[in-house]
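Throughout, numbering of the chain's residues begins at 1 and tracks the sequence.
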Amino acid sequence: MPLMELGNAVGDQRVANMSDPFFKTYFAQHIKALSNHNTWITQIENISTITGKDEAVGTYQEVVVRFLLIPQNANDLRTFTFNYDAIIHQVVTHSALVYVQQDWDNGIQDEKDAQQIGVIQMDVPTGKIFPLQINLEKGSWWKGFKSMLNLGMQHIKEGTDHLLFLIVLLLPAMLVTNRKHWGKYGGLRYSVLRLLKIVTAFTIGHSITLLLGAVGLVKLPTQPIEILIAFSILVSAIHATKPIFPGKEIFIAAGFGLIHGLAFAAVLTNLQLSAGKLVLSILGFNLGIEIMQLIVIALIVPWLILLSITPAYKWFRIVAAALAAIAALAWIVQRTAGTANFVTTFVEAFTNYGVWSIAILGIVSICIYSMTLIIKKQQAIS
């Protein structure tokens with residue numbers, strides 16, 4: 001809520017010191033809930049101020065109040081009366097927008113899914129502040145599970161770094177090693193088996209840490225995890241150029257998969273779900289990750305296999321690996337410094353054209369493969 005409006009309600013001198021115990025008492029008196037004639041317990045957990053900037057109004061300050069409403073009966077959580085008149089009782093133009101930000105049973109998981117359920121404001125003609133009647137739809141475990149599956153798919157769709165690591169690691173998967181260099185195409189059966197092993201290893205790796213991280217057994221700061229993910233892309237890019245761990249891609253995929261899984265787990269750790277819902281969330285989220293991952297691989301890998309049969313694949317692989325390495329280095333710098341750079345901005349913008357990129361890759365692959373066949377036929381005739 002705007003600090004200025006709170007000052008208008010309680011006095012400008014008071015808001016100069018927001019740590020004053022007065023404010024906990026004030027908000028506890030003006031934030032209440034009621035169900036079946038029983039008043040809920042109101043706990044004011046934290047009061048803080050934040051500063052923002054807007055082009056229209058310039059710098060402004062807001063007060064953030066975190067509170068907990070506890071009913072006498074847990075069955076009343078979806079149907080109750082919400083009484084809120086902080087500031088409104090003195091500033092008639094003030095209003096409170098009420099949103100549901102998380103409701104697992106109805107598929108609402110975060111701010112992106114938040115739904116507005118009402119507005120509390122003074123009814124000027126009567127001078128009364130009417131409470132908000134909360135009647136949330138019951139929902140179901142299927143809605144919650146489906147929303148987590150969609151969340152997993154969306155996370156991978158937007159997670160350029162996760163997909164880039166896997167795709168770059170797959171670049172040389174169709175090739176045999178020739179001493180310290182990548183050799184020729186190893187055949188369809190060889191390629192498919194290698195691809196499946198690498199993808200499976202990555203899946204097992206990130207599934208383990210997703211589970212451990214989601215239940216709180218493993219917890220690491222976000223920044224080093226994100227830096228390590230960028231580093232994993234750099235390692236894969238170097239390997240795609242020149243084999244640094246030939247035949248051991250499965251272990252690299254599994255090892256770095258453990259790191260990527262911790263990033264996936266961060267999405268679930270703040271949901272604060274019961275054991276049953278957490279199990280379904282982990283299952284649905286991981287399944288969504290795998291589905292989207294397989295869709296992307298199924299769209300890209302056939303063209304990589306087709307290209308790898310041709311002599312042009314050597315240069316395609318080197319250029320693709322070099323571009324991935326540049327992106328990885330840019331991400332490392334960004335995630336270390338905490339500020340974006342022109343490379344990361346370009347990469348994020350480029351991902352909006354992912355479908356077109358795959359289509360172009362397919363067309364180019366078919367053209368190069370066809371030209372290779374024509375040249376071979378001409379050479380055979382001559």
Side-chain angles (χ1 to χ4, degrees), residues 152-175 182-188 190-192 194-196 198-199 202 229-230 232-242 249 253 260 288-331 334 340-378:
M153 293 181 69
Q154 189 66 26
H155 188 72
I156 283 295
K157 185 180 176 182
E158 297 173 353
T160 311
D161 49 359
H162 299 295
L163 284 174
L164 190 58
F165 163 72
L166 190 56
I167 292 168
V168 175
L169 192 61
L170 293 177
L171 278 177
M174 295 77 67
L175 309 176
W182 290 113
K184 295 183 178 180
Y185 173 61
L188 183 61
Y190 172 85
S191 301
V192 171
R194 291 248 298 168
L195 290 166
L196 286 174
I198 292 169
V199 173
F202 181 67
I229 288 172
S232 71
I233 299 170
L234 180 61
V235 172
S236 298
I238 295 170
H239 178 66
T241 306
K242 187 176 182 179
E249 291 88 354
H260 285 248
I289 288 172
E290 301 316 319
I291 289 172
M292 183 54 70
Q293 192 173 272
L294 289 173
I295 289 172
V296 173
I297 290 170
L299 289 172
I300 292 176
V301 163
W303 308 124
L304 295 183
I305 292 176
L306 197 63
L307 264 179
S308 65
I309 300 172
T310 71
Y313 188 64
K314 175 184 177 181
W315 300 109
F316 172 84
R317 172 173 49 81
I318 291 172
V319 171
L323 292 174
I326 292 169
L329 288 169
W331 272 321
Q334 178 197 30
N341 52 66
F342 75 94
V343 175
T344 57
T345 302
F346 175 80
V347 171
E348 293 303 321
F350 182 76
T351 55
N352 295 325
Y353 303 96
V355 175
W356 285 104
S357 301
I358 294 172
I360 292 170
L361 174 64
I363 294 168
V364 170
S365 300
I366 292 170
C367 291
I368 292 176
Y369 180 72
S370 301
M371 288 175 62
T372 303
L373 288 180
I374 292 169
I375 291 170
K376 283 184 177 179
K377 285 182 180 179
Q378 289 178 343

Can you run down the side chain to side chain donor-acceptor pair (under 3.5 Å) pairs that involve residues 357-370, sequence neighbours left out, and say none if there aren't any?
->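 Not a single pair qualifies under side chain to side chain donor-acceptor pair (under 3.5 Å).
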Which heavy atom in [X] sits nearest to a heavy atom in [Y], and how many Å separate them?
{"X": "Y190", "Y": "L175", "answer": "OH-O, 3.1 Å"}
{"X": "E348", "Y": "T351", "answer": "O-OG1, 2.5 Å"}
{"X": "I198", "Y": "A173", "answer": "CD1-CB, 3.9 Å"}
{"X": "V168", "Y": "P172", "answer": "O-CD, 3.6 Å"}

What ring pair (Phe, Tyr, Trp, His ring centres under 6.0 Å) pairs are there with at least one residue in residues 153-172, not counting sequence neighbours?
->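 The answer is H155-H162, H155-F264, H155-F285, H162-H260, H162-F264, F165-F202, F165-F256, F165-H260.
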Only one of L164, L234, V343 forms a side chain to side chain contact (heavy atoms under 4.5 Å, CB included) with W331, so which one is it?
->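 Answer to the side chain to side chain contact (heavy atoms under 4.5 Å, CB included) test with W331 among L164, L234, V343: L164.
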By side-chain hydrogen bond (donor to acceptor under 3.5 Å, both in side chains), which residues pair with E158, not counting sequence neighbours?
->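 Scan of E158 (side-chain hydrogen bond (donor to acceptor under 3.5 Å, both in side chains), adjacent residues dropped) gives Q154.
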Partners passing side-chain hydrogen bond (donor to acceptor under 3.5 Å, both in side chains) against E249 (at least two apart in sequence or in another chain) |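 Testing E249 for side-chain hydrogen bond (donor to acceptor under 3.5 Å, both in side chains), a comparison that skips the adjacent residues, returns R194, H239.
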CZ/F350: more than 12 non-hydrogen atoms of other groups inside 6.0 Å =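 At most 12 heavy atoms, drawn from other residues, nucleotides or ligands, come within 6.0 Å of this atom.
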Can you tell me how far the [atom1] atom of [X] sits from the [atom2] atom of [Y], to the nearest 0.5 Å?
{"X": "T345", "Y": "Q334", "atom1": "OG1", "atom2": "CD", "result": "7.5 Å"}
{"X": "L170", "Y": "S236", "atom1": "CG", "atom2": "OG", "result": "9.0 Å"}
{"X": "I233", "Y": "I238", "atom1": "CD1", "atom2": "CD1", "result": "12.0 Å"}

For residues 302-313, tabulate all N or O donor-acceptor pairs below 3.5 Å that involve a side-chain atom, not counting sequence neighbours.
residue: W303; atom: NE1; partner: L299; partner atom: O; Å: 3.1
residue: S308; atom: OG; partner: L304; partner atom: O; Å: 3.3
residue: S308; atom: OG; partner: I305; partner atom: O; Å: 2.6
residue: T310; atom: OG1; partner: L307; partner atom: O; Å: 2.6
residue: Y313; atom: OH; partner: L171; partner atom: O; Å: 2.3

Listing, residues 316-328 side-chain donor-acceptor contacts under 3.5 Å, not counting sequence neighbours, or none:
residue: R317; atom: NH1; partner: A240; partner atom: O; Å: 2.7
residue: R317; atom: NH1; partner: T241; partner atom: O; Å: 3.4

